Amino acid sequence: MARATHLTLRMLAERIEQLTGQIDELNQRLTRLVERHALQLLEPVGIGPDSAVTLLITMGDNPDRLNTEASFAALCGVSPIEYSSGRRSMRRLNYGGDRQANAALHRIVFTRLRHDPRTQAYYERRTQEGKTRREIIRCLKRYAAREVFDLVRPVSCAPAL
């Protein structure tokens with residue numbers, strides 16, 4: 001019984017090593033693809049190869065169809081929608097759009113909240129102003145979408161030689 005358990009655990013460990021190697025290889029390939037097509041997208045804090053690829057896929061083969069950063073934000077599901085409780089007018093995130101792109105922006109924002117002093121200072125300032133955590137995250141997601149659009153759009157609009 002102990003020998004069978006030991007054999008099973010050894011086989012599982014070998015399989016884990018094999019899958020980890022495949023994951024590393026695929027991550028390297030993704031990084032090379034992003035570096036080849038939109039290197040500038042990897043420079044800002046919080047944008048890794050996975051998020052960059054997801055956002056590039058969302059922009060699609062024809063990024064010219066996205067005329068403004070607002071249309072890209074709507075496509076990612078981070079455009080604000082006005083709503084009112086009767087007493088005050090507020091905004092919430094658009095729940096439509098590409099959920100994978102929204103998740104990529106979410107990862108970018110939370111990475112920045114952990115590691116970027118400017119984002120942390122912004123969060124503290126907005127908290128002092130009385131904004132809720134949800135409202136601050138909404139603003140940060142919209143800012144991240146604007147930044148990604150500005151980084152990718154000029155490259156995609158360059159005329160082909």
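Bear in mind the structure is a predicted one, so any value in this text is a computation, not a measurement. Heavy atoms only: backbone and side chains are in, while hydrogens, waters and symmetry mates are out.
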**Q.** Which residues share a side chain to side chain donor-acceptor pair (under 3.5 Å) with Thr127, sequence neighbours left out
**A.** none
**Q.** Counterpart residues, salt bridge (charged side-chain N to carboxylate O under 4.0 Å, His left out), relative to Arg146 (two or more places apart)
**A.** Glu69
Q.
Suppose we screen for side-chain contact (heavy atoms from CB on, under 4.5 Å). Which residues come up paired with His106, at least two apart in sequence or across chains?
A. Phe110, Lys141
Sequence neighbours excluded and cut-off under 3.5 Å, please list the side-chain donor-acceptor pairs for residues 20-28, or say none.
unit_1: Thr20; atom_1: OG1; unit_2: Ile16; atom_2: O; d: 2.7
unit_1: Glu25; atom_1: OE2; unit_2: Arg29; atom_2: NH2; d: 3.0
unit_1: Asn27; atom_1: ND2; unit_2: Ile23; atom_2: O; d: 3.4

(Q) If the condition is side chain to side chain donor-acceptor pair (under 3.5 Å), which residues does Arg15 pass it with, not counting sequence neighbours? (A) Gln18
Only pairs under 3.5 Å count here: list side-chain donor-acceptor contacts from residues 42-55, not counting sequence neighbours, and write none if there are none.
unit_1: Thr54; atom_1: OG1; unit_2: Asp50; atom_2: O; d: 2.9

Q | Partner set under side-chain contact (heavy atoms from CB on, under 4.5 Å) for Ala103, not counting sequence neighbours | A | Arg107
Q) Residues in side-chain contact (heavy atoms from CB on, under 4.5 Å) with Arg125, at least two apart? A) Tyr122, Glu129
Q) Taking only residues two or more places apart in sequence or in another chain, which ones pass side chain to side chain donor-acceptor pair (under 3.5 Å) with Arg134? A) none
Q) Hey, what else clusters with Leu7 if you join Ile, Leu, Val, Met, Phe, Trp, Tyr whenever side-chain heavy atoms sit under 4.5 Å? A) Met11
(Q) Restricting to side-chain contact (heavy atoms from CB on, under 4.5 Å), what partner residues turn up for Glu14, sequence neighbours left out? (A) Arg10
**Q.** Inter- and intrachain pairs under salt bridge (charged side-chain N to carboxylate O under 4.0 Å, His left out), touching residues 111-121, at least two apart
**A.** Arg112-Glu147
